[in-house]
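All figures in this text were calculated on a predicted structure; none of them were measured in a lab. We name chains A, B, ... by the order of the sequence lines, and we start the count at 1 in each one.
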Amino acid sequence: MKPSVPKGTRDFSAEEVGKRHFIFDTLRKVFVKYGYRPIETPTMEKLETLTGKYGEEGDQLLFKVLNNGDFLNKADKEALASLDSKKLTPSISKRGLRYDLTVPFARYVVQHQNDISFPFKRYQIQPVWRADRPQKGRYQEFYQCDVDVVGSTSLMYEAELVQIYDEAFANLGLEVEIKISNRKILTGIAEAAGIPDKMVEMTVAIDKLDKIGMDGVKTEMERKGIPTASIEKIENILENNTLDALKYALASSEAGLKGIEELETVFNYLSKGNAKNDIKFDITLARGLSYYTGFICEVASKQVKMGSLGGGGRYDDLTGMFGLKGVSGVGVSFGAARVYDVMNELNAFPSASEADLKVLLIAFDQATHDFAFEQLTQLRQAAINADLYPEPAKMKKQMKYANSRKVPYVVLIGSQEMESGQLSLKNMETGEQDSKTLKEIIDILK
RNA sequence: GUGGUUGUAGCUCAGUUGGUUAGAGCGCCGGAUUGUGGUUCCGGAGGUCGUGGGUUCGACCCCCAUCAUCCACCCCA
């Protein structure tokens with residue numbers, strides 16, 4: 001059997017992990033500065049916690065964990081006999097892999113409501129699993145990175161999260177555009193167009209605007225049974241998309257006006273800061289069918305053509321599904337894999353990592369190898385990432401190894417060096433070589 | 001879940017209408033060079049042709065199934 005990993009999963013090399021850590025470390029520093037604390041939840045949740053939270057499609061994409069022990073004996077015999085997988089599942093599986101970080105977070109908040117104080121601010125960086133069919137940039141196992149605050153309806157947090165986006169991407173060295181809007185404005189448009197019951201269909205269509213264009217959006221709405229007169233009205237509103245123009249267009253809609261007001265409050269907060277990236281109102285922002293109820297946002301790279309690098313919004317009643325009513329939350333998510341891809345394409349990762357090996361020691365016989373081990377220990381005590389070739393092999397072999405590990409320096413230790421204490425320090429890039437004492441070498445490599 | 005693509009050496013890929021011993025480049029190992037890598041030259045190792053079945057005198061090649069891969073759709077990150 002050829003060794004391989006399961007469908008939709010991947011190995012990560014040391015280099016890739018290093019880059020990902022750079023991203024996460026950068027994000028963590030920003031989150032902590034804004035007062036967010038990390039939490040972690042289990043890889044597995046009870047299936048009852050997960051099912052029904054992501055719609056019927058989502059339930060199918062849940063990875064289920066087979067019960068331990070004699071699970072067949074306890075299985076639903078009727079479902080088993082009729083080969084009804086869906087009906088059989090609850091009796092043979094009581095756990096599933098985490099599908100996202102939001103639902104476990106909601107469960108966490110409700111479960112620990114007496115131990116946490118609101119507003120509760122947390123961030124969470126963990127892998128999630130989906131039994132989706134893999135595709136470009138889509139895997140069955142991937143990292144999510146969420147920042148949320150629950151237990152407050154203050155629009156200050158909307159602004160704060162936009163600032164976090166701004167600062168985080170600036171620190172990563174990326175230029176982005178942060179697009180913000182409000183679900184209530186979409187509700188307002190649907191009301192103003194006289195199709196409040198078709199709001200979801202309209203939203204899904206508008207969301208695709210930059211992908212399929214205005215004509216495509218119109219055909220899609222037509223197909224979903226939205227009357228031509230309404231479509232024209234919607235198109236009109238979408239094309240006059242300043243907040244001021246919207247105030248007139250949505251004058252008849254209470255929800256629409258509320259959405260505009262909320263957005264203005266957010267912009268007012270933001271005007272007090274000095275954002276490094278563009279922050280724009282984007283009326284076409286819709287964010288799929290998700291549970292967002294107010295503020296919504298999305299981040300796009302200005303340097304590379306790619307889907308969004310992150311998104312989020314406010315959701316009323318996140319914890320309602322677990323029996324805790326009236327707790328509002330707002331949060332954003334960083335698409336770790338896409339941020340990684342963009343940075344890779346732009347060569348935005350710092351070239352040398354602190355985790356890289358600085359120097360490799362090379363010895364020629366057993367005596368110098370033993371001596372070199374002493375020098376190695378001292379280098380490491382001086383906090384220098386150092387390594388020694390494990391045996392006194394041929395020089396060519398050792399040099400080749402140094403090359404393949406991309407070590408910037410090599411220290412050669414033969415009998416001459418051992419006796420004089422003057423070690424040969426070779427710069428692998430320039431090829432230059434000098435005699436130095438260990439102390440001098442430590443100073444150079446520090 | 002739907003439709004399509006590809007699967008041959010560690011990697012990237014050739015392989016003729018089905019024909020006898022399946023190739024290249026890169027990488028790897030050894031030597032030229034017993035204290036100098038990244039260049040060059042010479043030599044070598046490495047394959048159940050994804051897996052299982054079928055058709056055939058004969059299958060890397062044709063058929064079926066299965067697994068994996070990549071791509072599009074649905075949906076999503």
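Screening A:Tyr340, A:Tyr143, A:Phe334 for a ring-ring contact (aromatic ring centres under 6.0 Å, His included) involving A:Phe24 leaves a single residue, A:Tyr143.
Between the OH atom of A:Tyr54 and the P atom of B:G1 there is a distance of 20 Å, given to the nearest Å. Note: CD1 (A:Ile296) to P (B:A77) measures 13 Å, nearest angstrom. Between the CZ atom of A:Arg10 and the P atom of B:U69 there is a distance of 12 Å, given to the nearest Å. B:G35 atom C1' lies 15 Å from atom CD of A:Glu419, rounded to whole Å. The distance between atom OH of A:Tyr401 and atom C1' of B:C29, rounded to the nearest whole Å, is 17 Å. Separating the OH atom of A:Tyr409 from the P atom of B:U36 is a distance of 22 Å, rounded to the nearest angstrom. In this structure, A:Lys396 places its NZ atom 9 Å from P of B:A32, rounding to the nearest Å. Atom CD of A:Gln124 and atom C1' of B:A77 are 15 Å apart (whole Å).
Separation of the P atoms belonging to B:G23 and B:U56 is 29 Å when rounded to the nearest angstrom. Rounded to whole Å, the C1' atom of B:C49 lies 10 Å from the corresponding atom of B:G7. Look at the C1' atom in both B:C11 and B:G47: the space between them is 15 Å, to the nearest Å. The gap from the C1' atom of B:U33 to that of B:U39 amounts to 14 Å, rounded to the nearest Å. Using atom P as the reference point in both B:G18 and B:C61, the two lie 11 Å apart (nearest Å). Taking atom P in both B:C26 and B:C42, the straight-line distance is 11 Å, to the nearest Å. Between B:A68 and B:G25, the two C1' atoms lie 26 Å apart (nearest whole Å). Taking the P atom of each, B:G43 and B:C60 are spaced 30 Å apart, rounded to whole Å.
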Worked check of side-chain contact (heavy atoms from CB on, under 4.5 Å) between A:Lys184 and A:Glu262: CA-CA 9 Å; A:Lys184 288 169 188 153; A:Glu262 287 184 11; 2.6 Å; yes
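Between the side chain of A:Arg138 and the base of B:C75 there is at least one donor-acceptor pair of N/O atoms closer than 3.5 Å. Side-chain atoms of A:Gln433 come within donor-acceptor range of the base of B:U36, with a qualifying N/O pair under 3.5 Å. Side-chain atoms of A:Asn403 and base atoms of B:G37 include a donor and an acceptor less than 3.5 Å apart. One can find a donor-acceptor pair under 3.5 Å joining the base of B:U36 and the side-chain atoms of A:Lys426. Side-chain atoms of A:Glu429 and base atoms of B:G38 include no donor and acceptor less than 3.5 Å apart.
For A:Lys397, the listed nucleotide lying nearest its side chain is B:G30; candidates were B:A77, B:U36, B:G30. When the nucleotides B:C74, B:G38, B:A77 are ranked by their closest atom to the side chain of A:Phe142, B:A77 comes out on top. The side chain of A:Arg130 sits closest to B:A77 out of B:G37, B:U69, B:A77. Distances from the side chain of A:Met399 to the nucleotides B:U36, B:A32, B:G38 place B:U36 closest. Listed candidates were B:A77, B:G37, B:A68. Nearest to the side chain of A:Lys7 is B:A68.
Residue whose closest nucleotide on RNA chain B sits further toward the 5' end, between A:Asp132 and A:Leu412: A:Leu412. Both A:Gln60 and A:Glu432 sit near RNA chain B, but only A:Gln60 has its closest nucleotide nearer the 5' end.
Using a 4.0 Å cut-off between charged nitrogen and carboxylate oxygen, A:Glu222 and A:Lys218 do not count as a salt-bridge pair.
Heavy atoms of A:Gly8 sit under 4.0 angstrom from primed sugar atoms or phosphate atoms, though from no base atom. Across all strands, A:Tyr139 comes closer than 4.0 Å to base atoms (heavy-atom distances). Among the heavy atoms of the strands lying under 4.0 Å from A:Glu417 is at least one base atom, whether or not backbone atoms are also near. The residue A:Gln416 sits close to a base: some heavy atom pair falls under 4.0 Å. Using a 4.0 Å heavy-atom criterion, one finds that A:Gly58 contacts no nucleic acid atom at all.
If you check the side chains of A:Thr377 and A:Glu374, you find no donor sitting under 3.5 Å from an acceptor. No hydrogens or angles considered: a donor-acceptor pair under 3.5 Å links the side chains of A:Gln124 and A:Thr41. Side chain to side chain, A:Thr9 and A:Glu141 fail the donor-acceptor criterion of an N or O pair below 3.5 Å.
In this structure, A:Phe22 and A:Phe349 have perpendicular ring planes: the angle between them is above 60°, well past the 30° mark. Between A:Tyr108 and A:Phe105, the ring planes lie parallel to each other; the angle is under 30°, not in the 30° to 60° tilted range.
Pair check for B:G3 finds B:C71; Watson-Crick or G-U wobble, both atom distances under 3.5 Å. B:C62 is paired with B:G54 under the Watson-Crick or G-U wobble criterion, all donor-acceptor distances under 3.5 Å. A 3.5 Å limit on both hydrogen-bonding distances identifies B:U12 as the Watson-Crick or G-U partner of B:A24.
Scanning all heavy atoms of the two residues, the minimum distance from A:Gly311 to A:Tyr165 falls at N-OH, 2.8 Å.
In this structure, A:Gln135 reaches the B:A72 phosphate: one of its side-chain N or O atoms is under 4.0 Å from OP1 or OP2. Put simply, A:Lys394 has no side-chain N or O that comes within less than 4.0 Å of OP1 or OP2 on B:G30.
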Nucleotide N/O to protein N/O under 3.5 Å, stretch nucleotides 2-5 of chain B:
{"unit_1": "B:U2", "atom_1": "O4", "unit_2": "A:Arg133", "atom_2": "NE", "d": "3.3"}
{"unit_1": "B:U2", "atom_1": "O4", "unit_2": "A:Arg133", "atom_2": "NH1", "d": "3.2"}
{"unit_1": "B:G3", "atom_1": "O6", "unit_2": "A:Arg133", "atom_2": "NH1", "d": "2.9"}

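With contacts defined as side-chain heavy-atom distances shorter than 4.5 Å, the pair A:Arg98/A:Pro127 qualifies.
Between the CZ atom in A:Phe12 and the NZ atom in A:Lys19 there is a gap of 12.5 Å [rounded to 0.5 Å].
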